[in-house]
There are 4 protein chains.
Amino acid sequence: MSELDTSTRILEAAQELFGDVGYDGVSMRDIADRADANKALVFYHHDNKAELFRRVLNRFFEAQRQAMDEALRQDAEDGVRAKLHRVGDAYIDFIHEHPRYPRLIQNTLTSGGEHFDVLREHLGGLLRTTEGILTDICPEEGPKAARHIMVTLTGAASNYFTYAPVVEGNWDKDGMISEEALEERREHLHWVVDLIVDGLKD
Amino acid sequence: MSELDTSTRILEAAQELFGDVGYDGVSMRDIADRADANKALVFYHHDNKAELFRRVLNRFFEAQRQAMDEALRQDAEDGVRAKLHRVGDAYIDFIHEHPRYPRLIQNTLTSGGEHFDVLREHLGGLLRTTEGILTDICPEEGPKAARHIMVTLTGAASNYFTYAPVVEGNWDKDGMISEEALEERREHLHWVVDLIVDGLKD
Amino acid sequence: MSELDTSTRILEAAQELFGDVGYDGVSMRDIADRADANKALVFYHHDNKAELFRRVLNRFFEAQRQAMDEALRQDAEDGVRAKLHRVGDAYIDFIHEHPRYPRLIQNTLTSGGEHFDVLREHLGGLLRTTEGILTDICPEEGPKAARHIMVTLTGAASNYFTYAPVVEGNWDKDGMISEEALEERREHLHWVVDLIVDGLKD
Amino acid sequence: MSELDTSTRILEAAQELFGDVGYDGVSMRDIADRADANKALVFYHHDNKAELFRRVLNRFFEAQRQAMDEALRQDAEDGVRAKLHRVGDAYIDFIHEHPRYPRLIQNTLTSGGEHFDVLREHLGGLLRTTEGILTDICPEEGPKAARHIMVTLTGAASNYFTYAPVVEGNWDKDGMISEEALEERREHLHWVVDLIVDGLKD
DNA sequence: CATGAATGAGTTTTCATTCAT
DNA sequence: CATGAATGAAAACTCATTCAT
């Protein structure tokens, strides 16, 4: 940890805090403290709070895009079903590695439009990329359109991790996303994907 | 609007602002200004920010519980499929009347645990109530358990309204969701419900 | 208690609170709450905070002047020693009845000059009256002058009740001035008075 | 004055103001203004009002403890009388240097129990230390016990400086006590000490 | 008399940001 | 790079006081 350079140490501290309590709930002092750095250094390395936040977002997005690319690259000729399974798996794997990601996105989405541009650019792109998988077997418009299905699937995947602390009795920051819970959710998503793909065929 | 008494005028101003920019993004001054009231008066009527926020949440929850109760009361002997359709419709109708509701919930869920108790009491209750609908046709454990399905369905329903502004322009100038978008989403949910109910029968 | 009229109920509430935490430590709301009255009523009956405080002070001073007058009236031909004993006893008795008095005076004395006028008029008068007892056997000036002795005696008497919570381990609002403690302090003061009177004769 | 660093400049401003109008009578704004510093800077250097006040108290107490230690160290084999004279002199000297000290203590004592812990630790220790001087010639209990005498002597010493402004004009424009008044009070205390020490021998 | 509502100025405290060294 | 000090704006909340009813 302490072998990282200061700039990324700050970035990681910010990532954790923003993910835990949202943009408005974090102060630059909090971030400096968590990174074990001087407050002024945070500004030296990252200009201002909004910029720091954008870098955190972009870091996530870049990592996620890579994960998605990798998931889609292999066996490019697979069918829709297999592709969707791999995308779903990649998503779950990503959350396993970055448990604060879904909370951060949801919080950014619901905290006023301040960072919509970054979200629109990256998240929108990601959604549209994966949407492409469905275009072959989906109608262009209406309730079975690809965008509806993608929102349903990503919602189903991410919401699990934001609703969890309320549904279960435990708000245990680290334990809330256990290996077994993730595995079961992965299977559930596969099942839903299969239902939808089969449903589209009729 | 101006015919309401001050206390509720403040409550509604708070509701709108909290729903738009989240708990931490709103200041008591903002609320007072929007309610066209003196700042101290906000405290006179609602003690403190957290209490005001709780009242906003409880207002929503009470309304939602009523809507759900009504949806479930009629034709109690209906099958699971019809019940789920009615619950989904009630949810969509509720959002039509209270467009800021899903954003507010998601924001509360992802802004640090400060108001989890209220969420747990009401939202958790709501989830468990509707979960009951599925118990007859669901296994108790595993990836097809009722709780997985409920999280998927509520996620599919609510996430649409938080992702929408990023995916494309489904919101009009006032942040309201268009009638047609709501109607289409309602049909999509019906379709997904049907897929799942049929899928469980196999 | 509830048979008193509102105005005096407020006065007594104010007396207790001012005595416990000082002028600046009390809010009009505190007083209204303690008197179980509406806040506006406090202003209706007592104009403003400073005026209310002055009435509390004057109430104490009137009571104390009466006690002193009574103490000095009986056996007016007694010697200095007997008179001082009676004054000391009256002081102790007064504190027994009004345990918040010494704290209130000390606090007023040390909270900025805002109410010095009332203090100067009444307390100064009281000191000078009792000073008169000593004039016969005291030099007019120097370290044995009557004013030095009076300040020493009143200091010895009142300081006991303000230092007590620090010296002893107990800050028990009601029990801090127990019957026995008062009795012992009374004897101590008699002894000191005797020492001084005898000392002046040499 | 302006050559001191900001932190101590604030401390001294606070000392003066707290001593003049008491804890509740001073605002952080007042302190910042008097120290010619930015309001936020007061918090940067001293965390919060209570902490700042504690530092002021501790500063006084440390200085006083030093003064007392010095007074007691020299000629340790002296008799009780000489020791008490030296303690009394040290006390008077200390007030000469720190004229706001007695007012501050009395105010803290009578402003609600918020800072009793600091008082108990230091002032209580001081009282008990000096109490030790008297134990040899005092009974353990009753009206001539050491603690009664110490409270009388400290009361006699300190009360003079809080009562003075009411009794007559012993304070100059800046609220300082005149040299001559201090000197006369010193002699008075010596006289009282002698009376008590002699009185204990009988 | 009594009350609930209203208000402007003030309180303590925090924040993002800057700057001299 | 790194730091301690500094700052202006704004946050949440309280207060003495007033007023219509």
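Since the structure is predicted, the reported quantities are computational estimates derived from the model, not experimental observations.
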Scanning all shown strands, the Watson-Crick or wobble mate of dA12(F) with both distances under 3.5 Å is dT11(E)

Mate of dA20(F) across any strand shown (Watson-Crick or G-U wobble, both atom pairs under 3.5 Å) is dT3(E)

The answer to which of Y23(B) and Y23(C) contacts DNA chain F further toward the 5' end, by nearest nucleotide, is Y23(B)

DNA chain F nearest-nucleotide lookup for D36(D) and D30(B): closer to the 5′ end is D36(D)

Starting at [atom1] of [X] and ending at [atom2] of [N], how long is that distance when rounded to a whole Å?
X: K49(C); N: dT18(F); atom1: NZ; atom2: C1'; value: 17 Å
X: H46(D); N: dG4(F); atom1: NE2; atom2: P; value: 16 Å
X: N48(D); N: dC15(E); atom1: CG; atom2: P; value: 14 Å
X: L41(D); N: dT14(E); atom1: CG; atom2: P; value: 15 Å
X: I31(D); N: dT11(E); atom1: CD1; atom2: C1'; value: 12 Å
X: R29(A); N: dA10(F); atom1: CZ; atom2: P; value: 21 Å
X: M28(D); N: dA10(F); atom1: CE; atom2: C1'; value: 17 Å
X: D24(A); N: dA10(F); atom1: CG; atom2: C1'; value: 14 Å

Verify the contact: side-chain N or O of [X] to OP1 or OP2 of [N], cut-off strictly under 4.0 Å; return yes or no.
X: Y44(D); N: dA6(F); answer: no
X: H45(C); N: dA2(E); answer: yes
X: T6(C); N: dA2(E); answer: yes
X: N38(A); N: dG4(F); answer: yes

- On the 0 to 90° scale, with breaks at 30° and 60°, tag the Y23(A)-H115(A) ring pair as parallel, tilted or perpendicular. perpendicular

inquiry  = Once you measure the plane-to-plane angle for H122(D) and F61(D), does it fall in the parallel (<30°), tilted (30-60°) or perpendicular (>60°) bin?
reply    = parallel

Among the nucleotides dC1(E), dG4(E), dT11(E), whichever has the atom closest to the side chain of S27(D) is dT11(E)

Assign each of F43(D) and K39(B) the nucleotide of DNA chain E bearing its closest heavy atom; nearer the 5' end lies the nucleotide of K39(B)

Given the options L109(A), I105(A), T110(A), Q106(B) meets side chain to side chain contact (heavy atoms under 4.5 Å, CB included) only with T110(A)

*Check every strand shown and say whether V26(B) touches a base, only sugar-phosphate, or nothing at a heavy-atom separation below 4.0 Å.*
sugar-phosphate

Checking R34(A), R100(A), R59(A) against E12(A) for salt bridge (Lys or Arg N to Asp or Glu O under 4.0 Å), the one that qualifies is R59(A)

Exercise for review: Say whether, by atom type as modelled, one donor and one acceptor occur between the side chain of S111(B) and the main chain of T108(B) under 3.5 angstrom.
Suggested key: no

